[in-house]
Amino acid sequence: MKSIQVEVKNVLATVSEAEIKALDAEVAAATSKLYDGNGEGNDFLGWLRLPSETSDSLIEEISSTAAQLRSLCDYVVCIGIGGSYLGAKAVIEALSDSFATLKQHNGPQVLFAGQNIGEDYLYELQSLLSDKKFGIIVISKSGTTTEPAIAFRLLKEQLEKQVGKAEASKRIVAITDANRGALRKLATEEGYKTFVIADNVGGRFSVLTPVGLLPIAVAGFDIKALIDGARTMEAASLNGENNCVAAYAATRNALYRAGKKIEILVNYNPKLHFLGEWWKQLYGESEGKDHKGIFPAAVDNSTDLHSMGQWIQDGERTIFETVISVGEQQHKVVIPTDADNLDGLNYIAGKRVDEVNKMAELGTVIAHVDGGVPNMRITLPALTEFWLGQIIYFFEKACGVSGYILGVNPFNQPGVEDYKRNMFALLNKPGYEAESKAIQAKLG
């Protein structure tokens with residue numbers, strides 16, 4: 001198998017093959033908009049050819065910087081929010097030992113900050129790092145986004161107090177705008193190593209840039225294989241028809257038009273939790289506009305079968321599921337026989353745990369389809385850098401195609417600015433005096 005596979009047979013009780021096929025022209029038109037650059041948001045299409053245009057020299061430079069951080073640090077804190085952390089977090093979690101933090105390890109642990117404004121979280125992080133060798137990767141185009149700016153101010157000050165400004169400058173890497181912004185100015189003044197966030201790549205599409213690649217490399221994973229996987233999917237999805245990107249984009253839009261307004265991304269491997277979180281941001285920010293859009297949700301099965309599973313099975317029929325099915329596991333665990341059989345499990349003795357998990361997956365799909373929930377399945381052969389690179393690019397490309405089919409600009413996020421204006425006004429940020437007065441009037 002050279003590419004991930006998308007199966008749509010379990011949606012056909014809700015939408016027919018003819019109804020999906022009827023979207024072929026719209027898929028082709030949306031794909032042409034992407035490649036011709038004549039659709040809304042066409043100034044943010046740098047991700048589209050990114051895998052094939054990523055040079056070996058950039059990969060080597062990122063790998064070299066990662067090696068330096070690995071040699072200097074026991075912990076590296078990646079500071080960023082939204083797409084500036086979720087992609088890296090998704091890949092690192094998918095590839096890491098689930099209990100790595102409790103074991104001896106041969107390199108720094110990558111921690112995350114700036115993705116929230118949790119005072120206890122930041123206090124506990126600073127306490128952990130108070131006697132540790134740590135470094136910082138700070139990611140922000142502007143350097144003034146509130147959440148990461150707070151975290152960077154705190155951790156920069158702490159690092160400089162612990163090791164001095166000169167040494168701290170060797171342990172801080174800034175990923176920011178090429179020429180402008182507060183972080184670019186600071187990085188130039190302090191002599192930080194920097195990588196550029198291209199103007200034409202939005203945050204949620206940035207995991208295959210240094211934004212994602214550097215933290216992933218610091219964590220010890222093969223970023224060249226990740227890019228190779230993305231390149232394979234880029235090539236496989238060049239044709240607007242008869243490819244898995246087209247199949248996914250067309251099917252989800254056919255289901256939306258049939259009244260299925262919520263898509264639930266389902267995994268049966270706990271390592272994929274943060275892939276679901278990354279996917280939620282990618283599709284939520286891209287499609288939720290003009291009072292349109294499929295609502296993206298995610299569940300971790302079989303865990304959530306004992307909670308959300310009830311709603312999915314018997315709740316309102318406005319949902320469909322996309323199941324990520326992982327083929328091979330990295331390790332083998334066989335269920336033993338027990339002479340007393342008090343737990344009644346001898347009927348599965350001798351089976352691999354993954355075989356039981358696969359039957360839970362299949363049994364759930366059958367139950368949900370029988371219950372009126374259409375299901376798509378995406379088969380991912382294994383959790384490796386290559387296959388994760390494929391599925392990342394797959395979802396990015398399908399998001400662009402799907403957004404244009406939906407009739408929105410998939411590459412802006414005007415709604416995100418509303419909370420920021422209110423927060424700045426409530427905090428009396430200079431320049432927001434009029435908004436402050438307006439909010440105070442609303443609050444009485």
Side-chain angles (χ1 to χ4, degrees), residues 44 46-47 50-51 53-55 57-70 72-73 75-92 108-115 134-156 159 168-221 223-224 226-227 230 274 278 281-282 389 392 396:
F44 282 97
W47 58 271
L50 187 63
E53 293 178 352
T54 298
S55 66
S57 61
L58 177 59
I59 292 174
E60 289 170 7
E61 184 182 2
I62 292 170
S63 298
S64 176
T65 303
Q68 181 177 1
L69 285 172
R70 286 173 63 83
L72 293 173
C73 307
Y75 295 88
V76 173
V77 184
C78 181
I79 298 175
I81 195 166
S84 295
Y85 96 98
L86 275 170
K89 178 76 168 175
V91 174
I92 291 169
Q109 292 184 32
V110 177
L111 308 176
F112 292 87
Q115 79 279 33
F134 76 96
I136 298 169
I137 300 170
V138 56
I139 304 167
S140 176
K141 280 188 177 180
S142 66
T144 59
T145 303
T146 306
E147 295 90 341
I150 290 172
F152 184 50
R153 177 178 285 201
L154 289 167
L155 293 172
K156 174 179 175 291
L159 182 59
S169 69
K170 299 176 184 177
R171 301 189 193 182
I172 297 175
V173 179
I175 304 177
T176 189
D177 189 87
N179 301 302
R180 59 187 182 273
L183 183 55
R184 167 53 62 185
K185 180 181 178 183
L186 177 66
T188 300
E189 291 175 352
E190 299 290 346
Y192 301 154
K193 171 67 180 177
T194 63
F195 291 94
V196 171
I197 304 173
D199 287 340
N200 62 357
V201 179
R204 60 188 177 274
F205 290 86
S206 67
V207 61
L208 298 174
T209 73
V211 168
L213 296 179
L214 180 58
I216 292 166
V218 169
F221 300 115
I223 58 173
K224 184 179 185 303
L226 190 78
I227 292 294
F274 275 94
W278 170 80
Q281 190 217 358
L282 179 65
I392 286 167
E396 289 180 346

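Worth saying up front: this structure is predicted, and the values here are computed from it rather than measured.
Of all heavy-atom pairs spanning Ile175 and Leu183, the tightest one is O-CD2, 4.2 Å. Among all heavy-atom pairs drawn from Pro108 and Cys73, the shortest one is CB-O, 3.4 Å. Considering every non-hydrogen atom in both Ala217 and Arg70, the closest pair reads O-CD, 4.0 Å. Across all non-hydrogen atoms, the minimal contact from Leu208 to Pro51 is CD1-CG, 4.3 Å. Nearest approach of Ala151 to Ala113, heavy atoms of both residues: CB-CB, 4.1 Å. The shortest heavy-atom contact between Val207 and Ala88 is CG2-N, 4.0 Å.
The aromatic rings of Tyr192 and Phe152 stand perpendicular to each other, their planes meeting at an angle above 60°, with 30° marking the opposite boundary.
The neighbour count for Lys156 NZ, taken as heavy atoms of other residues, nucleotides or ligands under 6.0 Å away, is above 12.
In this structure a side-chain-to-backbone donor-acceptor pair under 3.5 Å is present from Thr65 to Glu61. Ser142 places no side-chain N or O within 3.5 Å of a backbone atom of Gly181 that could act as its donor or acceptor partner. Checked by atom type and distance alone, the side chain of Ser206 never pairs as donor or acceptor with a backbone atom of Thr209 at under 3.5 Å.
From Ile172, atom CD1 reaches atom CZ of Phe134 across 8.0 Å, with rounding to the nearest 0.5 Å. The OG1 atom of Thr54 lies 4.5 Å from the CD1 atom of Ile227; values are rounded to the nearest 0.5 Å. Between atom CD1 of residue Ile392 and atom CZ of residue Phe205 there is a gap of 12.5 Å, rounded to the nearest 0.5 Å. A distance of 4.5 Å separates CG of Asp199 from CZ of Arg180, quoted to the nearest 0.5 Å. From Leu213, atom CG reaches atom NZ of Lys224 across 13.0 Å, with rounding to the nearest 0.5 Å. Note that the CD atom of Glu147 and the OG atom of Ser84 stand 11.0 Å from one another [nearest 0.5 Å].
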TODO: Might you work through the side chain to side chain contact (heavy atoms under 4.5 Å, CB included) test for Phe195 and Leu214, ending with a clear yes or no?
DONE: CA-CA 9 Å; Phe195 291 94; Leu214 180 58; 4.2 Å; yes
TODO: Before giving the answer on side chain to side chain contact (heavy atoms under 4.5 Å, CB included), spell out for Thr194 and Arg184 the whole-Å C-alpha distance, their side-chain angles and the decisive distance to 0.1 Å.
DONE: CA-CA 8 Å; Thr194 63; Arg184 167 53 62 185; 3.4 Å; yes
- [ ] Go through the steps for Leu50 and Glu396 under the test side chain to side chain contact (heavy atoms under 4.5 Å, CB included), then give the verdict.
- [x] CA-CA 11 Å; Leu50 187 63; Glu396 289 180 346; over 6 Å; no
TODO: Tell me, with the steps shown, if Phe274 and Ile92 meet side chain to side chain contact (heavy atoms under 4.5 Å, CB included).
DONE: CA-CA 9 Å; Phe274 275 94; Ile92 291 169; over 6 Å; no
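Pro210 places none of its side-chain heavy atoms less than 4.5 Å from the side chain of Val196. Using a 4.5 Å heavy-atom cutoff, the side chains of Ile81 and Gln281 are not in contact. The shortest distance between side-chain heavy atoms of Arg171 and Leu159 falls below 4.5 Å.
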